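Have a look at the structure below, then the notes.
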Amino acid sequence: MKTQHQMPFGAEVLDDGAVRFALWAPDAKSVELCVEQDGVEKLITMPAAAGGFYRLTTAKARAGSRYRYRIDQDLRVPDPASRFNVDDVHGTSVVIDPRAYRWTDAESDWRGRPWNDAVIYELHLGAFTADGTFRAAIERLDYLAELGVTVLEIMPVADFPGRNNWGYDGVLLFAPESRYGKPDDFKALIEAAHARGLMVLLDVVYNHFGPDGNYLNAYASQYFTEHYHTPWGAAINFGDEGSRAVRDFCIHNVLYWIEEYRLDGLRFDAVHEIRDDESPKNILYEIAEAVHHGPGAERHIHLILENDHNAASFLKRSASGQPLWYTAQWNDDFHHAMHVLLTNETDGYYCDYAEAPARYLARALAEGFSYQGQTSKHRHGMSRGEPSAGLPPIAFVSFLQNHDQVGNTAFGSRVNATAEVAAMRAATALLLLSPMPPLLFMGQEFATDQPFPFFCDFGPPLCDLVTAGRRKEFERFPAFRDPEAQQKIPDPNAPETAQSAVLDWSALDRDEHRGWLEFHRSLLQLRRTEIAPRLSGVKGAAASYRMFTAHAFQVAWRLGDGSCLTLSANLCETPAPKLLKPEGELLYAEPERAANEFRHGNLPAWSVLWHLARARQ
């Protein structure tokens, strides 16, 4: 089997071996193709075409040829739709024939997995293994499958500047980062994951381009609009003049990753910063429809959102319960409420949960979002969210850690570095057995002690600006008001900062970490046998919650097979009396002794119990 996504731009190898080049450059007066042959650059004029494009088909370039474009007889730029840039974002692009990769016969039968099976493992390619490559990650796939993971979620791999980066500064959105390997290496990783029953999702970023290596303004300024601004500057243009070409660029990027790389879906970063208020159809709806009418018609494709606005409308289901547009959203409300309970931290956005963290958590478990239109103190009284109780629980991804929530602390500290062991065990039992798809951040399953700090690799003067800006972010915290204290925050551009994030797998040789791994494995085994099969057909508006004390509550869900799953939780240091005993059998108790006390309606400190009332046959 061979795969190729046809695009109206970039370099496409034709059946006779010649290459068709196309660049959208509406601001350019002239464009030339620069092809390297035997170390010598040859310039070929590209004729202007309709709609601001320049197009050329030539036999002077073949698969493997290096090329660039010269704008107005001066500036040389890489192809913004490059499939591979071997010499980083400022260097030459490489003509890639995707049909040269032959997928196995077994891969041709892969149709993905339904979302109710989802157990997500988020990883950074450069920090997941010592080598930090696509091929090296393959060596850990058996471990993840045995753990109980069903979905790999890979942080962005679009080509970024330098050697180290979280990936959210990508500028060549079609080119896998060469530091991780070649395009065929990424395909080999995906194919190896599928062979083990693992789905693969990729993080993509359409709210901004990275600050280094982005040449678009030099020849296609209509990629951006000054009508809206984001934290990164002028917004990407999805609604002003020229936006059709920009929208097509992003839609093709989505289809490219899914079709050419056979990914099982994408996670869309910070879509609340995608400004598309004036278009007849929001770009996010257009993207989803293109996927559902394309590759999604043939296999399971899952589109996941990060959206601070809690816009439940993107997650709407059909009458049969299928997602109309997006499968699920990362649920920050779950994380923030749980984080306050675990750490007592109330700075920043955690202040919105400080008053009643357990109640916010219980609502998130029963109804999806905690914030469904209420005003937010952190957002200076603005309302946040839409009603979400009508959505099924599988529309909300829950987590105790992810790259943001770990990496955006001053030192990239893990929550287990602060929280007590009993609290972490209770939180983990709650996370992994709830009907919401759980997400683990790499190393969480064995309680790694390693940080995951923010890191990048910019050159001067940008590197100094990023380092200073990073440290300034924390001056509002009492611990970092002193400039000397700010200097202790790791320099994002220092190689040792990125190196500190690389997982130390030798930790599994120590009893403490092996114990945490076995704890996660046993919970995920229970989820696989007792929870996941009952999530098929689960509906919205089928859960309720009840508070017993400020930190003790019960949540009950009616699952897809008619069974009832009940959570009883006490998330504090004080025992809670007089909880109601649910119907059904005890499925799990953390700690184990909590089961005995609960027979009298009491829950000890930091305890979680799960009961399952099976549907009558």
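Model, not experiment: these values are computed from the prediction.
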So [X] and [Y], would you call those rings parallel, tilted or perpendicular, with 30° and 60° as cut-offs?
X: Phe128; Y: Trp505; result: perpendicular
X: Trp166; Y: Tyr168; result: perpendicular
X: Trp516; Y: His520; result: tilted
X: Trp557; Y: Trp610; result: parallel
X: Phe186; Y: Tyr261; result: tilted
X: Tyr350; Y: His336; result: perpendicular
X: His272; Y: His309; result: tilted
X: Tyr353; Y: Tyr360; result: perpendicular

Does any non-hydrogen side-chain atom of [Y] lie less than 4.5 Å from one of [X]?
X: Glu345; Y: Val340; result: no
X: Ile304; Y: Leu266; result: no
X: Leu341; Y: Leu571; result: yes
X: Pro183; Y: Pro98; result: no
X: Leu609; Y: Leu567; result: no
X: Ser398; Y: Pro438; result: no
X: Val421; Y: Met424; result: no
X: Gln554; Y: Leu580; result: yes

May I ask you to decide whether [X] forms a salt bridge with [Y], counting only side-chain N to carboxylate O separations under 4.0 Å?
X: Glu530; Y: Arg534; answer: yes
X: Asp449; Y: Arg414; answer: no
X: Arg593; Y: Glu597; answer: yes
X: Asp185; Y: Lys182; answer: no
X: Arg267; Y: Glu306; answer: yes
X: Asp333; Y: Arg384; answer: yes

>> Set out, in order, the CA-CA distance, both residues' side-chain angles and the distance that settles side chain to side chain contact (heavy atoms under 4.5 Å, CB included) for Thr566 and Val555, then state yes or no.
In response: CA-CA 6 Å; Thr566 302; Val555 184; over 6 Å; no
When the aromatic ring centroids of [X] and [Y] are compared, is their separation below 6.0 Å?
X: Tyr326; Y: Phe268; answer: yes
X: Phe598; Y: His611; answer: yes
X: Phe399; Y: Phe334; answer: no

Surrounding [atom1] of [X] (heavy atoms of other residues, nucleotides or ligands, distance under 6.0 Å), is the total greater than 12?
X: Asp509; atom1: CG; answer: yes
X: Glu518; atom1: CD; answer: yes
X: Glu420; atom1: CD; answer: no
X: Arg102; atom1: CZ; answer: no

Residues [X] and [Y]: side-chain donor-acceptor under 3.5 angstrom:
X: Glu590; Y: Ser607; answer: no
X: Trp103; Y: Thr3; answer: yes
X: Asp131; Y: Thr133; answer: no
X: Tyr349; Y: Asp308; answer: no

Short question: side chain of [X], backbone of [Y] - any donor-acceptor pair under 3.5 Å?
X: Asn116; Y: Ala532; result: yes
X: Glu177; Y: Phe160; result: yes
X: His302; Y: Arg113; result: yes
X: Arg299; Y: Gly112; result: no
X: Ser536; Y: Pro533; result: no

> Given Leu439, which of Asn331, Leu431, Asn402 fulfils the side chain to side chain contact (heavy atoms under 4.5 Å, CB included) condition?
Replying inline: Asn402
> Is there a side chain to side chain contact (heavy atoms under 4.5 Å, CB included) between His339 and Gln405 once you walk through the steps?
Replying inline: CA-CA 10 Å; His339 189 85; Gln405 305 307 335; over 6 Å; no
> Given the rule in the ring-ring contact (aromatic ring centres under 6.0 Å, His included) test, do His124 and Phe455 qualify, once you have shown the distances and angles that lead to the verdict?
Replying inline: CA-CA 12 Å; His124 181 280; Phe455 54 81; 5.2 Å; yes
> Taking it one step at a time, do Phe314 and Tyr285 satisfy ring-ring contact (aromatic ring centres under 6.0 Å, His included)?
Replying inline: CA-CA 8 Å; Phe314 287 119; Tyr285 288 122; 5.0 Å; yes
>> Using the rule given for side chain to side chain contact (heavy atoms under 4.5 Å, CB included), can you reason through Leu201 versus Leu263, listing the C-alpha separation, both sets of side-chain angles and the distance that settles it, and then say yes or no?
In response: CA-CA 6 Å; Leu201 307 184; Leu263 285 163; over 6 Å; no
> Does the side-chain hydrogen bond (donor to acceptor under 3.5 Å, both in side chains) test come out yes or no for Gln372 and Glu386, once each step is laid out?
Replying inline: CA-CA 4 Å; Gln372 302 181 34; Glu386 297 173 354; over 6 Å; no
>> Working note: His194 + Asp264, criterion side-chain hydrogen bond (donor to acceptor under 3.5 Å, both in side chains); need CA distance, chi angles, decisive distance, verdict.
In response: CA-CA 10 Å; His194 289 169; Asp264 301 283; 2.7 Å; yes
> Checking salt bridge (Lys or Arg N to Asp or Glu O under 4.0 Å) for the pair Arg614/Glu585: CA distance, chi angles, key distance, verdict?
Replying inline: CA-CA 8 Å; Arg614 303 175 190 274; Glu585 66 184 86; 2.8 Å; yes
>> Against the six-membered ring of Phe553, is Arg359 placed for a cation-pi contact (under 6.0 Å from the centre, within 45° of the normal)?
In response: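 Cation-pi check for Arg359 and Phe553: fails.
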>> Let's go through Arg262 and Glu107 carefully: what are the C-alpha distance in whole Å and the side-chain angles of both, what is the deciding distance for salt bridge (Lys or Arg N to Asp or Glu O under 4.0 Å) to 0.1 Å, and is it a yes or a no?
In response: CA-CA 9 Å; Arg262 290 187 57 77; Glu107 176 63 27; 2.7 Å; yes
>> Test side-chain hydrogen bond (donor to acceptor under 3.5 Å, both in side chains) on Asn307 and Trp330; report intermediate values, then the result.
In response: CA-CA 8 Å; Asn307 188 355; Trp330 277 20; over 6 Å; no
>> With side-chain hydrogen bond (donor to acceptor under 3.5 Å, both in side chains) as the test, pick out the partner of Tyr101 among Gln4, Glu260, Glu191, Lys2.
In response: Glu191
> Given the rule in the side chain to side chain contact (heavy atoms under 4.5 Å, CB included) test, do Asp504 and Thr448 qualify, once you have shown the distances and angles that lead to the verdict?
Replying inline: CA-CA 8 Å; Asp504 176 14; Thr448 181; 5.9 Å; no
